[in-house]
Chemist: 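For reference, the structure I am asking about is given below.
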Amino acid sequence: MSLWFDVARVAAGVNVLLLLALIAVWGRNYLEFRTKHTLGLAVFALLLLAENALSLYIYLVDPMLSGWFATDVPAIAWRAMMALHVLETAALAFLVWITWD
């Protein structure tokens, strides 16, 4: 089960980095062009960043929740959480690729 925990943590960490990159690009574009579209993309990225930062906090920092997640959460739940984080990582990687292309 710790494999699922590790994969979910790594994916959430990668998501944070990808989202920071997207926020930098989309935020800069908003400051330059002042369009609702770029503002919407930046706000969307900020909200996803908050979700992933909270996940990392729960997985790594909070002593009660990180211990509970590491030991008492059923494997099927970890597989689902890991799958969601990994799918989000793939989606964000694609967004980063098309944003910087």
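It should be emphasised that the depicted structure is a prediction, and the values quoted were computed from it without experimental measurement. In what follows, every heavy atom counts, from backbone to side chain, and hydrogens, waters and symmetry copies are set aside.
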Chemist: Would you say L18 ends up clustered with L47 if hydrophobic residues are merged whenever their side chains have heavy atoms under 4.5 Å apart, either directly or through other cluster members?
Modeler: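 Different clusters: L47 never reaches L18 through Ile, Leu, Val, Met, Phe, Trp or Tyr contacts under 4.5 Å.
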Chemist: If you measure from CD1 on I58 to OG on S66, what distance do you get to the nearest 0.5 Å?
Modeler: 10.0 Å
Chemist: Kindly compute the distance separating CG (D6) from CH2 (W78), expressed to the nearest 0.5 Å.
Modeler: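 Atom-to-atom, D6:CG and W78:CH2 are 9.0 Å apart.
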Chemist: What heavy-atom pair brings G27 and A42 nearest, and what distance separates the two atoms?
Modeler: N-CB, 4.4 Å
Chemist: Is R34 close enough and on-axis enough to Y30, meaning under 6.0 Å and within 45°, for cation-pi?
Modeler: yes
Chemist: Going by heavy atoms in the side chains, are L3 and V7 under 4.5 Å from each other?
Modeler: yes
Chemist: Given L95 and W26, is the side chain to side chain contact (heavy atoms under 4.5 Å, CB included) satisfied, shown in steps?
Modeler: CA-CA 11 Å; L95 275 175; W26 291 338; 4.2 Å; yes
Chemist: Among L20, L54, L22, whose side-chain contact (heavy atoms from CB on, under 4.5 Å) with L49 holds?
Modeler: L20
Chemist: Compare all side-chain heavy atoms of E88 with those of N52 and state whether any distance is below 4.5 angstrom.
Modeler: yes
Chemist: Less than 6.0 angstrom separating the ring centers of W68 and Y59, yes or no?
Modeler: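 Ring-ring flag for W68/Y59: false, centres at least 6.0 Å apart.
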Chemist: How close do A45 and I23 get, counting heavy atoms only, and between which atoms?
Modeler: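 What the structure gives for the nearest pair is CB-CG1, 3.5 Å.
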Chemist: What are the two closest heavy atoms between L65 and D62, and how far apart are they?
Modeler: N-OD1, 2.8 Å
Chemist: Just verifying a value: how many Å separate E51 CD and L56 CG, rounded to the nearest 0.5 Å?
Modeler: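 One gets 9.5 Å once the value is rounded to the nearest 0.5 Å.
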Chemist: Do T35 and T38 have side-chain heavy atoms sitting under 4.5 Å apart?
Modeler: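 Sidechains of T38 and T35: in contact.
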Chemist: So do the side chains of N15 and L48 get within less than 4.5 Å of each other, counting heavy atoms only?
Modeler: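 No, too far: nothing below the 4.5 Å cut-off.
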Chemist: Honestly curious: do L92 and V43 fall in one hydrophobic cluster under the side-chain, below-4.5 Å linking rule?
Modeler: no
Chemist: Please report the interatomic distance CH2(W4) to CE(M82), rounded to the nearest 0.5 Å.
Modeler: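 Reported to 0.5 Å precision, the distance equals 4.5 Å.
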Chemist: Can you hop from L41 to F33 via hydrophobic side chains spaced under 4.5 Å?
Modeler: no
Chemist: Should V14 and W97 be regarded as members of a common hydrophobic cluster, given that ILVMFWY residues are connected when their side-chain heavy atoms come within less than 4.5 Å of each other, either directly or indirectly?
Modeler: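 Yes.
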Chemist: Hydrophobic clusters here meaning ILVMFWY residues chained together by side-chain heavy-atom distances under 4.5 Å, can you tell me if M81 and Y57 are in one?
Modeler: yes
